[in-house]
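Written out below as structure tokens is the structure these notes cover.
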Amino acid sequence: MGKITGWRPQRPARVRLVLPRSRPAAMRLPVRPIRGRWPSGLERRLARFFWMDPSVVCADDTTPEVFRAAMSCFWLGGTFKITGAARHPNADELLIDHLDLTGADILEIGASDGSTSLDLIAKLPTFASYVVADLYLELVTVHALGHTFFLDQDGQCVLVVGRRLIGWPTMSKTVGVLYAPAIAAMQRTRAGAGTPVLLLNPQLRELMAHDGRVTHRVHDVFQPWAGSPPDLIKVANLLRRLYFPDAMISRALQILLGNLPEGGHLLIVDNARIKGIGPRAGLYRRAEGRLTTVAETPDAPEISDLIRAVGQEPDLALGEAMGSSVQADVSAGTRRR
């Protein structure tokens with residue numbers, strides 16, 4: 001496939017999207033009414049409880065903005081796939097200011113729908129390759145019994161979209177029981193393997209269709225990378241203490257270190273959701289079996305202590321990580337005051 005030179009993402013149209021006001025880690029009863037399917041007066045009074053129809057991700061004419069909004073309805077891997085454009089401007093600036101990526105092979109892990117990949121690609125010089133990777137890039141849809149069922153790679157039903165309601169059967173035992181008869185009937189009556197759905201933004205899919213340098217791959221950050229060692233790995237909003245204990249994050253960092261060649265770089269980003277603090281980022285270089293700091297935003301990434309400990313002797317690493325954690329806790333407490 002030919003390359004697109006000078007490609008830049010189109011400026012988003014001014015579209016007002018009404019999203020739920022909060023995304024709790026779990027719901028007491030994960031069933032929600034679909035916006036536009038109920039009496040208008042009821043929807044106006046209880047607007048915060050109504051969600052958009054996530055099955056729009058299956059349509060060929062869905063706009064990038066609507067696709068991003070629909071992605072936030074998918075509960076996969078213990079979290080909603082919240083995404084958006086222009087989420088990491090300071091991280092991208094930090095990277096470009098400190099590293100020449102001309103001719104580089106780049107891997108972004110945990111890229112969600114690839115919106116942040118598009119942002120970074122638009123700012124890069126002539127790179128060699130860019131792989132957009134995520135553990136949850138592909139689902140299968142089955143249309144049966146007046147519902148759309150979304151199945152993960154293991155065949156488990158993770159989302160059910162009906163005429164008026166959305167249900168998340170994997171988030172609650174109660175909801176799982178409520179939907180069990182419909183899911184069982186769907187499995188009995190379904191014809192074929194269902195329809196694959198690629199959870200990548202339409203803009204990114206368009207880019208991939210014309211530029212062979214940009215590809216996608218299903219990948220687990222806790223597994224070694226099977227391809228050629230990339231010059232840069234970007235991981236954003238994935239290795240968070242919100243999701244994993246320190247031991248698991250450290251294991252993932254050790255694997256990421258092993259994925260890099262000597263002199264390769266790792267970019268870590270997290271959106272802190274702390275008042276007064278924007279996206280935090282750090283750029284690190286592999287040197288002599290460790291990750292050394294190249295540059296960090298004024299507020300360092302949440303796991304910077306664990307990053308500095310990667311590749312050290314166990315006792316030294318533990319002591320440094322504990323010391324940094326205490327300092328981080330003190331600083332956070334000061335900010336809260």
Side-chain angles (χ1 to χ4, degrees), residues 1 3 71 74 76-79 81 83 88 95 99 101-118 120-121 124 126-140 151-156 158 193 196-201 204-205 207-240 243-244 247-270 282-291 303 306-307 310-311:
M1 289 184 285
K3 299 178 181 179
M71 282 287 291
F74 288 89
L76 299 166
T79 183
K81 287 181 73 70
T83 185
H88 308 145
L95 174 64
L99 188 60
L101 291 167
T102 302
D105 293 306
I106 302 167
L107 167 63
E108 183 171 352
I109 301 176
S112 190
D113 80 327
S115 290
T116 55
S117 306
L118 283 166
L120 181 54
I121 288 170
L124 291 176
T126 305
F127 56 91
S129 67
Y130 199 114
V131 181
V132 179
D134 197 281
L135 183 57
Y136 302 100
L137 280 183
E138 300 170 357
L139 294 177
V140 169
L151 313 180
D152 65 14
Q153 59 265 46
D154 298 320
Q156 184 177 38
V158 295
V197 177
L198 185 61
L199 297 180
L200 287 178
N201 193 277
L204 181 60
R205 281 182 270 146
L207 175 62
M208 291 191 301
H210 295 91
D211 190 340
R213 299 174 302 166
V214 183
T215 58
H216 72 280
R217 187 183 301 185
V218 173
H219 178 67
D220 184 350
V221 72
F222 294 101
Q223 297 297 324
W225 179 244
S228 301
D231 300 300
L232 169 71
I233 299 176
K234 177 183 176 181
V235 182
N237 292 313
L238 177 58
L239 298 178
R240 301 287 308 276
Y243 305 137
F244 304 110
M248 288 190 69
I249 295 173
S250 295
R251 181 160 65 88
L253 289 170
Q254 190 65 50
I255 291 170
L256 290 169
L257 176 67
N259 292 336
L260 289 170
E262 188 70 6
H265 290 79
L266 173 66
L267 178 67
I268 295 290
V269 188
D270 69 71
L283 180 64
Y284 309 92
R285 178 187 296 113
R286 174 172 175 148
E288 299 180 353
R290 293 182 56 187
L291 289 171
I303 60 169
L306 302 180
I307 295 169
V310 172

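Nearest heavy-atom pair, M248 versus F222, reported as atom, atom and distance to 0.1 Å: O-CE2, 3.2 Å. Closest non-hydrogen pair, G110 versus L238, comes out as CA-CD2, 4.1 Å. Between D231 and G103, the shortest heavy-atom distance links the atoms OD2-O, 4.3 Å. Nearest heavy atoms, K81 versus S112: NZ-CA, 3.8 Å. Of all the heavy atoms in N259 and P230, the pair that sits closest is O-CD, 3.5 Å. The two residues L200 and G114 make their nearest non-hydrogen contact at CD2-N, 4.4 Å.
Side-chain contact between N237 and T116: absent, with no pair of heavy atoms (C-beta onward) separated by less than 4.5 Å. Inter-residue side-chain proximity for L266 and V235 is flagged as met; some heavy-atom pair is nearer than 4.5 Å. Using a 4.5 Å cut-off on side-chain heavy atoms (C-beta onward), L101 and L95 make contact. V214 places a side-chain heavy atom less than 4.5 Å from the side chain of M208. The shortest distance between side-chain heavy atoms of V221 and I255 does not fall below 4.5 Å. Between L267 and L232, the closest side-chain pair of non-hydrogen atoms falls below 4.5 Å.
Within the 3.5 Å criterion, the main-chain N or O of L257 finds a donor-acceptor partner in the side chain of R286. One N or O on the side chain of D152 and one on the backbone of D154 form a donor-acceptor pair closer than 3.5 Å. Formation of a donor-acceptor pair under 3.5 Å by the N201 side chain with backbone atoms of D113 is not found in this model. Judged purely by atom type and a 3.5 angstrom limit, R240 has no side-chain atom pairing as donor or acceptor with the backbone of D270.
To the nearest 0.5 Å, atoms CG (L107) and NZ (K234) are separated by 11.5 Å. To the nearest 0.5 angstrom, E262 atom CD is 10.0 Å from R285 atom CZ. Taking CD1 from I307 and CG from L239, the interatomic distance works out to 8.5 Å, rounded to the nearest 0.5 Å. Rounding to the nearest 0.5 Å places CG of L199 at 4.5 Å from CG of L139. A distance of 5.5 Å separates CD1 of I121 from CG of L207, quoted to the nearest 0.5 Å.
Counting only residues at least two apart or on different chains, no side-chain hydrogen bond (donor to acceptor under 3.5 Å, both in side chains) pair has a member in residues 214-227.
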task = Run the numbers on I233 and H265 for side chain to side chain contact (heavy atoms under 4.5 Å, CB included), then give the verdict.
result = CA-CA 6 Å; I233 299 176; H265 290 79; over 6 Å; no
message = Please evaluate residues D211 and Y130 with respect to the criterion side chain to side chain contact (heavy atoms under 4.5 Å, CB included), reporting the C-alpha separation (whole Å), side-chain torsions for both, the decisive distance (0.1 Å), and the verdict.
response = CA-CA 10 Å; D211 190 340; Y130 199 114; over 6 Å; no
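Remark: of the listed residues L291, L253, V310, L291 is the sole one forming a side chain to side chain contact (heavy atoms under 4.5 Å, CB included) with Y284.
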